[in-house]
Participant: 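Once you've had a glance at the structure underneath, I'll fire off some questions.
Nothing here was measured: the structure is a model prediction, and the numbers come from that model. Throughout, a chain's letter reflects where its sequence line sits, starting with A, and its residues are numbered from 1.
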2 protein chains.
Amino acid sequence: MDKQTITIYDVAREASVSMATVSRVVNGNANVKPATRKKVLDVIEKLDYRPNAVARGLASKKTTTVGVIVPDVTNMYFASLARGIDDVATMYKYNIILTNSDSNSEKEIKVLNTLLSKQVDGIVFMGNEITDKLREEFKRTKTPIVLAGSVDDEGTNPSVNIDYVAAVQEEVKNLIDRGNKRVAFVCGPLDQAINGKYRLKGYKQALKSAGIPYDDKLVFETDDTYKTGTLLQPALMAVNATAAMVTDDELAAGIMNGMSDADVAVPDKFEVITSNDTKLTEMVRPKMSSITQPLYDIGAVAMRLLTKLMNNEPVDEKNVLLPYGLMKRESTK
Amino acid sequence: MDKQTITIYDVAREASVSMATVSRVVNGNANVKPATRKKVLDVIEKLDYRPNAVARGLASKKTTTVGVIVPDVTNMYFASLARGIDDVATMYKYNIILTNSDSNSEKEIKVLNTLLSKQVDGIVFMGNEITDKLREEFKRTKTPIVLAGSVDDEGTNPSVNIDYVAAVQEEVKNLIDRGNKRVAFVCGPLDQAINGKYRLKGYKQALKSAGIPYDDKLVFETDDTYKTGTLLQPALMAVNATAAMVTDDELAAGIMNGMSDADVAVPDKFEVITSNDTKLTEMVRPKMSSITQPLYDIGAVAMRLLTKLMNNEPVDEKNVLLPYGLMKRESTK
DNA sequence: GATTTAATTGAAAACGTTTTCAATTTGCCG
DNA sequence: CGGCAAATTGAAAACGTTTTCAATTAAATC
């Protein structure tokens with residue numbers, strides 16, 4: 001039905017050259033006489049020829065497409081990373097196949113395999129937890145995979161993150177220094193290394209340095225949602241917490257609103273500091289103080305790293321830690 | 001270097017059948033004897049054979065990949081649509097190539113063409129404005145394209161939206177009925193049909209029904225950003241507006257915060273109603289009343305529509321209007 | 001059992017490029 | 001103007017599937 005698709009063969013015939021030559025001009029190969037190049041270009045223009053990327057991918061074994069696995073684009077944190085990824089991907093002429101995994105390990109594995117079957121040139125993976133099974137899958141392919149905003153305790157894959165331990169430690173220390181004896185640690189699932197191994201560690205270290213005993217009643221493991229946050233006020237009060245280090249902005253926004261709704265003034269009666277510095281921090285009142293992460297850059301750097309890997313260029317640093325900061329806003333004193 | 005890739009030919013040889021047969025079992029073709037099917041399946045398992053989707057795409061002229069063009073995934077509105085799209089895409093075994101266009105017409109055209117060269121089976125387009133140039137590009141391909149949350153006055157492409165005119169009209173009427181004589185219309189760029197042709201029309205109709213003359217001093221054309229919203233309070237006061245119909249949630253949040261910061265009580269002194277019902281509406285204080293749009297569903301339905309188009313199934317309704325609603329929260333009386 | 005029919009199979013031609021390698025031109029030099 | 005190196009070209013083989021069509025085999029019928 002669609003016999004009107006123009007192939008490289010058509011332009012070769014029309015320009016009375018070989019397919020090879022057409023291929024060369026299309027790919028900007030230098031070894032073609034200017035005159036013929038022009039001739040071919042003219043025919044291409046005239047016939048409105050568009051190279052078929054699928055055929056190209058088959059022949060060259062490169063698809064200029066990378067896979068991106070993300071828990072949920074609807075989450076600002078990941079959306080920002082994804083944006084950074086797409087921008088540098090575009091810059092390097094790649095496209096992105098974006099898939100939502102809902103942090104579901106089975107889904108992640110499944111989608112990883114469809115991406116590989118689609119012959120993506122590389123993958124950037126964002127996820128809260130790298131299960132052993134997933135790590136195995138990572139190992140059996142030689143398609144480069146980089147982790148963005150996602151930690152793997154085993155460190156088998158290149159990754160781009162911030163130093164979560166140090167960041168949390170620093171912030172909790174600040175909270176303590178300001179007089180908070182009981183600061184809560186409100187986080188997402190602890191079986192996620194980023195929470196259970198890194199942030200929690202920072203929290204504990206800060207306590208230790210301050211000589212405050214660790215009390216597990218002060219750690220609240222949640223599902224990272226706004227709604228859950230709104231419900232936390234009673235529990236937080238029950239343990240006499242006067243501040244909270246929160247690992248997710250929406251969750252933190254929920255907590256703050258829950259506090260306000262219960263007439264607990266933030267930051268006077270309760271300080272909260274969050275972790276992702278998404279634009280939500282500015283939109284909520286009081287504005288939330290936050291650890292700042294260069295979200296966009298984490299994605300961008302991860303993708304840049306991936307391009308190097310895909311080109312077999314040497315990379316100096318396999319596990320990149322980008323600088324973090326603290327943005328003091330209104331939810332802390 | 002990677003000679004270890006297993007092809008259909010390898011499994012054919014190992015199972016002593018032809019490639020055709022292997023292809024049949026891989027594709028679940030019924031015409032293969034159970035015994036041979038098992039034999040082949042075993043070899044596939046043993047060799048860990050994974051079909052190469054690129055080769056498949058070339059041979060079958062189907063890539064099971066669809067393109068998604070979006071202004072910015074970082075925008076909750078579009079992220080929600082994108083999520084709906086991806087979910088039903090996955091459901092129908094498609095993957096999504098996601099590209100951010102920044103609503104830049106040139107970029108849109110460029111990316112459209114790379115998507116087509118990658119032989120996507122279909123495209124869902126989200127964008128604020130369909131330029132003539134873009135429409136031309138749409139027309140010259142026979143790859144199905146559906147618009148999601150995006151209007152085209154010409155109506156050449158299938159689309160999924162809500163009835164923006166009616167929704168805005170209804171809400172503005174409510175505002176007026178509640179006693180607001182001067183309600184502002186704060187929107188994104190008016191050259192975008194959704195604002196300039198639809199929402200503004202609804203606004204005008206509501207005024208007309210109420211016998212209020214249209215005053216263009218009350219319409220504020222913005223860039224749809226939070227920041228701009230925060231700066232609008234003086235201008236709004238200057239024209240004696242007592243309420244605003246806003247076309248974007250972040251923009252609306254900005255306005256509300258700007259009001260609060262200037263001690264203009266919302267909703268007592270100033271009512272605001274927004275348009276997209278993203279989760280931001282709940283996170284901000286006061287919570288924003290909003291026109292509700294089934295964001296996820298718009299994406300989902302658009303993708304579903306696209307699957308039908310890609311299968312040449314008949315579609316009853318080319319321009320779908322999903323139901324909208326009103327969620328009364330705290331930013332209106 | 002001999003036919004006829006239906007179900008399984010396989011051979012080989014696409015699909016639209018890239019890429020290798022050899023062939024042909026061209027440009028230079030003495 | 002002959003000869004040689006360098007620059008251009010083209011022929012044809014991949015790339016890994018699907019798909020058509022004919023061939024083969026199994027099942028059914030009488």
Participant: Hey, does A/I298 have a side-chain heavy atom less than 4.5 Å from the side chain of A/V301?
Facilitator: no
Participant: Measure from CZ on B/R56 to P on D/dC15 and round the result to the nearest Å.
Facilitator: 19 Å
Participant: From C-beta outward on B/N27, which listed nucleotide comes closest to its side chain: C/dT18, D/dT18, C/dC15?
Facilitator: D/dT18
Participant: Let me know, please, whether B/A55 or B/K33 comes out on the 5' side of the other along DNA chain D by nearest nucleotide.
Facilitator: B/A55
Participant: Give a yes-or-no answer on whether the side chains of A/S80 and A/R83 include a donor-acceptor pair shorter than 3.5 Å.
Facilitator: no
Participant: Any donor-acceptor pair under 3.5 Å linking the side-chain atoms of B/T64 with those of A/K118?
Facilitator: yes
Participant: Should B/D153 and B/K197 count as an ion pair when the cut-off is N to O under 4.0 Å?
Facilitator: yes
Participant: Compare side-chain N and O positions of A/K61 against OP1 and OP2 of D/dG16 and report whether any pair is under 4.0 Å apart.
Facilitator: yes
Participant: Please report the distance, rounded to the nearest Å, between CD in B/Q119 and P in D/dT17.
Facilitator: 19 Å
Participant: In terms of side-chain heavy atoms of B/L58, which of D/dT18, C/dG16, D/dC15 is nearest?
Facilitator: C/dG16
Participant: Can you check whether B/N319 reaches B/V160 side chain to side chain, under 4.5 Å on heavy atoms?
Facilitator: no
Participant: Report the residues that fulfil side-chain hydrogen bond (donor to acceptor under 3.5 Å, both in side chains) with A/D297, sequence neighbours left out, ordered by chain and then residue number.
Facilitator: none
Participant: Of B/A59 and B/P34, whose nearest nucleotide on DNA chain C comes first from the 5' end?
Facilitator: B/P34
Participant: Please list, in numerical order, the residues of residues 9-26 of chain B that have a heavy atom closer than 4.0 Å to any atom of DNA chain C.
Facilitator: B/S16, B/V17, B/S18, B/A20, B/T21, B/R24
Participant: Measure the distance from NZ on A/K62 to P on C/dT19 and round it to the nearest whole Å.
Facilitator: 9 Å
Participant: In whole Å, I'd like the distance from the CG atom of A/N31 to the P atom of D/dG10.
Facilitator: 14 Å
Participant: Expressed as a whole number of angstroms, how long is the span from A/N29:CG to C/dC21:C1'?
Facilitator: 15 Å
Participant: For B/E154, I'd like to know if atom CD has over 12 heavy atoms of other residues, nucleotides or ligands within 6.0 Å.
Facilitator: yes
Participant: Could you give the angle between the helix axes at the two ends of the helix from C/dG1-D/dC30 to C/dG30-D/dC1, with five pairs per end, rounded to 10 degrees?
Facilitator: 30°
Participant: Side chains of B/N113 and A/R50 only: does a donor on one sit below 3.5 Å from an acceptor on the other?
Facilitator: yes
Participant: Does the pair A/D42/A/K46 count as a salt bridge with the N-to-O cut at 4.0 Å?
Facilitator: no
Participant: So which nucleotide from C/dT9, C/dT18, D/dT9 ends up closest to the side chain of A/I8?
Facilitator: C/dT18
Participant: A/R37 CZ to D/dT9 C1': how many Å, rounded?
Facilitator: 13 Å
Participant: Contact between A/T65 and A/I96 at the side-chain level, heavy atoms closer than 4.5 Å - yes or no?
Facilitator: no
Participant: Figure out the NZ/C1' separation between A/K39 and D/dT8, and round it to whole Å.
Facilitator: 12 Å
Participant: Is A/N52 near enough to C/dC15 that one of its side-chain N or O atoms lies under 4.0 angstrom from OP1 or OP2?
Facilitator: no
Participant: Where the side chain of A/S60 is defined as all heavy atoms beyond and including C-beta, which of C/dT18, C/dT8, C/dT17 is the nearest nucleotide?
Facilitator: C/dT18
Participant: Counting just side-chain N and O atoms, does B/T36 come under 4.0 Å of either OP1 or OP2 of C/dT9?
Facilitator: yes
